[in-house]
Amino acid sequence: MEHMGIEPGRIQFSWISSAEATKFVDVVNKVTDAIKELGPNRSFVKPETKVA
Amino acid sequence: MSEYTESIREIAKRLLETCSVEMIIGFRKGTVPMMNEPHVIRNARDTGDLVWDSNCGINLANYLTDRKENIGILAKGCDSRNIVTHILENKIKREQLVIIGVPCKGMIDKRKITRMFNGEILEVLEDNGQILIRGNGFDTRLDKADVLQENCALCTHRNPVIYDELAAELVGEQEDIDRYEDVRKLEAMTTEEKWAYFDDLLKECIRCYACKNACPLCYCPTCFVDESKPQWVGKSQDAIDIRTFHFLRAFHCAGRCTDCGACQRACPVGINMRVFTKKLEKDCLDLFDWEAGMSLESRPPLDVYRPDDPDKFIK
Amino acid sequence: MEVITADSARDRVEHVENPYMPYPVRIDEIVVETEDRNLKTYTLVFLNKADEEAFTYHAGQFAELSLAGRGEIPIGIASSPVEKGFLKFTVNKAGVVTTHLHNMKEGDIMGVRGPMGNWFPWDTLEGKNVLIIGGGFAFTTLRSSIISMLHPANRSKFNDITVVYGARTPGMLLYKDELIEWEKRDDIDMHITVDATDDPDWKYNVGFVPPVTEQKAPQGDKDTYAIVCGPPIMIKFTQPVLEKLGYTHDHIIMSLENRMKCGIGMCGRCNIGKELVCKDGPIFTLDQINRTPREY
Amino acid sequence: MPIVKFEKQNWETGLNKLRRAYRLCGPVEDKGFHYFKDLGEAELPDFGCLNTRLSAKGIVYPQSEDMFEYSLDETLDDHHVMKDVQKDYSPRIVLGIRPCDAKAVKLVKLNFDTADYKDPYWLRAWEATTFVGLACDNPCSACFCTTAGCGPYHEEGLDVLLVDNDDHYMARVLTEKGIRFIETAGWDTTGVDGASLIEERRAAAEAKIVSHVSTDRLRGADTMTLHAAGIWEDISFSCINCGTCTFVCPTCWCFDIQDEVHGKQGKRTRNWDSCMFPIFTVHTTGHNPRGSQLQRVRQRFMHKLKYFVDKYDQGIMCVGCGRCVSQCPVNIDIRRVCELMNDLPAPDACAAQE
């Protein structure tokens, strides 16, 4: 995604076991904060199809 | 490479006559310059139709998917790597195949040559590393090395990695090749530059899907672009939909692509969609020291877990 | 017999305006037809009176049901031209559009585009015996046909009318109330059948459509026509039965289905040979089908 | 039909006058290939190209086209009701369309303009367009127009045929639209007796065509015999099921209709479709009448070379432009297929009588 021109940080991966509830909450908070900081994605969106 | 033809015909004839295979998948001479047609031979008396030259760029592994017959198949380096991937992914069984290895000296780039001349090209022949081109108002010779397909010029696996027969002596592999100069150039761009680059790259796409259909990796019974329940991607000529198709397709080739160039070669409007797959290919090499289809013994990086995985999130 | 093509459609309504524009309609009533709840009958009422007048149709035709945001689906018209003020469609829940339709409720707005295709050859059938064979949910345009034929203004145009209609179980039969009503009449010979049932009160036939046809249907002759609509497996085994009974292939009339989009012969996907199922069909004689590649 | 002559040096001035009354469109080079594009201010069509990569069909029939728009917002009175989309059907000129592409437009019209139904989008775009053709003096080796019912100087479907003659153009004006084109451009035209010159040039161009197809026996051939013939495995083996041949073809017209919703706003669009795609004919049940590659390849060639021939009696559904021949990624060649179909022996008399 970043390779084709999406800002870094929009995609994040994590490995969380079903037993790791605290880690899950922690990661979700971190990711949402990071994305909020980036603001809305402006390039890779399709508000309306553009054709003839 | 045209001297391979005789040897290929002989091997094919023998395999069919001894009933070692039911069919041979190879090429027959094309009807336009710089094109050959993938072709199947079922009878020993037809083996004279088989040809081999620098216009056999289609990846023949594409024609193996889910076949039930015993098959003799011609395989360049890249074809053989895709055959390995096909076997690993259970799309064909090794026992069904007699692989006729064809050590490859590279395929010529039809589009590049066409663009070099103003008039129409009428005939292209080869002679000892040289390409003879005759057309409306010109008659010239080029060094084959100068008109190779991009991926062939950068190829480091010209010899088949797996074979039962050989159509010729193995060739020397190209050394000191910098395979990823183009990818590094892209990596160095800013986010906005990257976005603009791909916008321009894809603007001619007509969604004929020749790239995915020429690709031996794209064998899903229903591609995600065709799926309607749910529908993943819009079907119009919208630029975002086109981009979604191309980059998702590339993802599906991660760790599997051999850079055989079939996609780029097939594209009717000349898009180099290899810039998507090459990035993934480079990452697989950098991160996992992995090149696709090199051996039947090792599993691809996306279906193994290693404690020394370079990505920290997975630990 | 008259070749059934759209060319012989004398009184077709010509949409010079925009044949892709659906008429807006309101869902007036939804009836669950079968015990598996996969078949519902929709009664649709036109929002504009003028559209209703423009929509003149014949039994055997179909229309495109249009759901804004989902797409369109070609469905046989189950109501009869003699029933005024509404259209009826019985829809099987199968794909994207029909699944969404099954989630809609009375009062919702949708669209209807049509009528489309040719119809059963009513001119040819006049003065003849008509055998109607239906299976499963392919009984919709047959309902339309029966209602039309039984209408007081039309009944005298036909000789004997025989109907063989079967479903897997009693609960899977469409239009049960009407079936029972027709069963009681003496101007139509009804043979309802189910593949199997454990209902001790079931007083009709048990057995597949082909053998029931063999026992109950009239002999074929030049004055007797068979109309057959049903799943491919039923058609496959009914055809030899009809041949045995003496029906020639130009006296066996069938309605075909193929994937369609435009419904007006332009989008190019529903062809069998040079015939377009949507426009030159969907009604063909077996004789016509025999001369066409079987790509349906 | 009048033939006029005007100097090439006045070409650009004329086009600038035309721009005030028309939208102009013509072949433009992009990354090594030519495409028909709307011409920008002062942009000139490039008449140096042999032919465009894609045919001119997209001018009248865009690959993606909006049909209707609607709202799903139930607070609005007309929610879920389809509404026409505003489109630009103002007069437009296509400059430099080749005679093959123009004839193809005429063939496609048979599909969109019928006695029963008229396709409003196609017809209105077609009516708005003036086709200014450029005669083809350097046909490609893959062209076989002369035996496909067309030719390098063919006039069907054109309003004007331009012939490039050194420092000037000869223009054969064919229709009312063509007259308006010449008048609006305001070129200093002299009526000339160029018929013999054009005739000479036509003969010279036709003599350059090296590819041919034989179609004489297609009409009389039996559909079921052709369909069941043994030739199809050989023809279809290499096909990869892409849509290149159908998308580059000037006469292929199949389309798909799609709904797309963004928030509460929806659109119904149509897109080119291809009989080469497996999902083209798949039923909701999963059954596919043309599920195999062989069946799909057969459908494409049977449609062009047999079904169309029988349905319209206007020859084959092909103008011999050669695009599918030169652009098929695996070199399936319609010229070869046409020969195979045409040469197929008729069923023997006994079988035919059956």
Side-chain angles (χ1 to χ4, degrees), chain B residues 25 27-33 35-40 42 55 57-58 62-63 110-112 114-115 118-123 135-136 200 203-204 206-215 218 221-223 225-228 231 234-238 241 262-263 265-271, chain D residues 30-33 35 48 50 53-54 58 62-66 138-143 208 210-211 233-234 237-248 256 258-260 267 269-274 276-280 282 284 322-333 335-336:
Chain B
I25 297 178
F27 287 92
R28 69 174 157 196
K29 177 138 185 49
T31 60
V32 291
M35 280 299 281
N36 286 327
E37 183 184 2
H39 186 48
V40 61
R42 293 180 187 275
N55 306 303
I58 298 296
N62 213 9
Y63 295 93
K110 180 187 175 195
R111 199 166 287 127
K112 184 172 180 181
T114 308
R115 281 174 179 162
N118 248 334
E120 194 198 1
I121 293 168
L122 299 174
E123 194 179 18
N136 267 333
D200 183 61
K203 75 176 193 297
E204 270 82 31
I206 53 170
R207 290 183 86 168
C208 66
Y209 300 140
C211 48
K212 88 169 157 86
N213 290 345
C215 175
C218 283
T222 308
C223 178
V225 289
D226 293 334
E227 189 62 67
S228 63
Q231 188 163 328
K235 298 195 169 188
S236 69
Q237 285 300 99
D238 181 90
D241 286 329
C263 47
R265 186 187 173 89
C267 180
V269 292
I271 295 169
Chain D
D30 193 349
K31 296 182 196 165
F33 298 128
Y35 299 92
L50 291 173
R53 193 67 173 172
L54 304 180
Q63 183 166 3
S64 288
E65 179 174 23
D66 287 337
N138 294 302
C140 303
S141 58
C143 295
K208 286 188 191 167
V210 294
S211 292
E233 196 209 348
D234 177 62
F237 174 79
S238 62
C239 178
I240 56 173
N241 300 306
C242 74
T244 303
C245 52
T246 52
F247 285 2
V248 301
D256 183 24
Q258 289 280 323
D259 275 43
E260 260 191 64
K267 273 183 180 175
T269 13
R270 74 163 165 201
N271 306 303
W272 292 353
D273 208 341
S274 171
M276 296 290 101
F277 295 158
I279 60 158
F280 187 59
V282 74
T284 313
R323 287 187 182 90
C324 60
V325 174
S326 54
Q327 293 179 41
C328 173
V330 294
N331 193 210
I332 296 178
D333 191 326
R335 296 172 298 181
R336 188 172 161 267

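Note that these values count all heavy atoms, side chains included, but never hydrogens, waters or copies made by symmetry. Chain naming here is simple, since letters A, B, ... match the order of the sequence lines and numbering starts at 1 in each.
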Heavy-atom contact with chain B under 4.5 Å, split by part of [X]:
{"X": "D/F237", "result": "both"}
{"X": "D/R336", "result": "side chain"}
{"X": "D/S141", "result": "both"}
{"X": "D/C245", "result": "neither"}

Reported [atom1]-to-[atom2] distance for the pair [X] and [Y], which is rounded to 0.5 angstrom:
{"X": "D/C140", "Y": "B/L122", "atom1": "SG", "atom2": "CG", "value": "9.5 Å"}
{"X": "D/S64", "Y": "D/W272", "atom1": "OG", "atom2": "CH2", "value": "9.0 Å"}
{"X": "D/R335", "Y": "B/T31", "atom1": "CZ", "atom2": "OG1", "value": "5.0 Å"}
{"X": "D/S326", "Y": "B/I121", "atom1": "OG", "atom2": "CD1", "value": "12.0 Å"}
{"X": "B/C218", "Y": "D/I240", "atom1": "SG", "atom2": "CD1", "value": "10.5 Å"}

Notebook entry, point to check: Tell me, do B/I58 and B/F27 make a side-chain contact under 4.5 Å, heavy atoms counted?
Noted result: yes

Checklist line | Over 12 non-hydrogen atoms of neighbours within 6.0 angstrom of CG in D/D30 | finding: yes

Count the heavy-atom pairs under 4.5 Å between each of [options] and chain B, then report the option with the highest count.
{"options": "D/L54, D/D234, D/V248", "answer": "D/D234"}
{"options": "D/T246, D/N331, D/V282", "answer": "D/N331"}
{"options": "D/R53, D/Q63, D/Q258, D/Q327", "answer": "D/Q63"}
{"options": "D/I332, D/N241, D/N138, D/V210", "answer": "D/N241"}

Give, as side chain, backbone, both or neither, the part of [X] having an atom under 4.5 angstrom from any heavy atom of chain D.
{"X": "B/D226", "result": "both"}
{"X": "B/D200", "result": "both"}
{"X": "B/Y63", "result": "side chain"}

Checklist line | Polar side-chain atom of B/N62 near backbone of B/A214 as donor-acceptor pair, under 3.5 Å | finding: yes

Note to self: Shorter than 4.5 Å, heavy atoms on both sides: which option in B/V32, B/N36, B/I206 has the most such pairs with chain D?
What the structure shows: B/I206

Item checked: Most chain D-contacting option - heavy-atom pairs closer than 4.5 Å, from B/K212, B/R265, B/K203 -> B/K203

Notebook entry, point to check: Regarding D/E260 and D/T269, is there a side-chain donor-to-acceptor distance under 3.5 Å anywhere?
Noted result: no

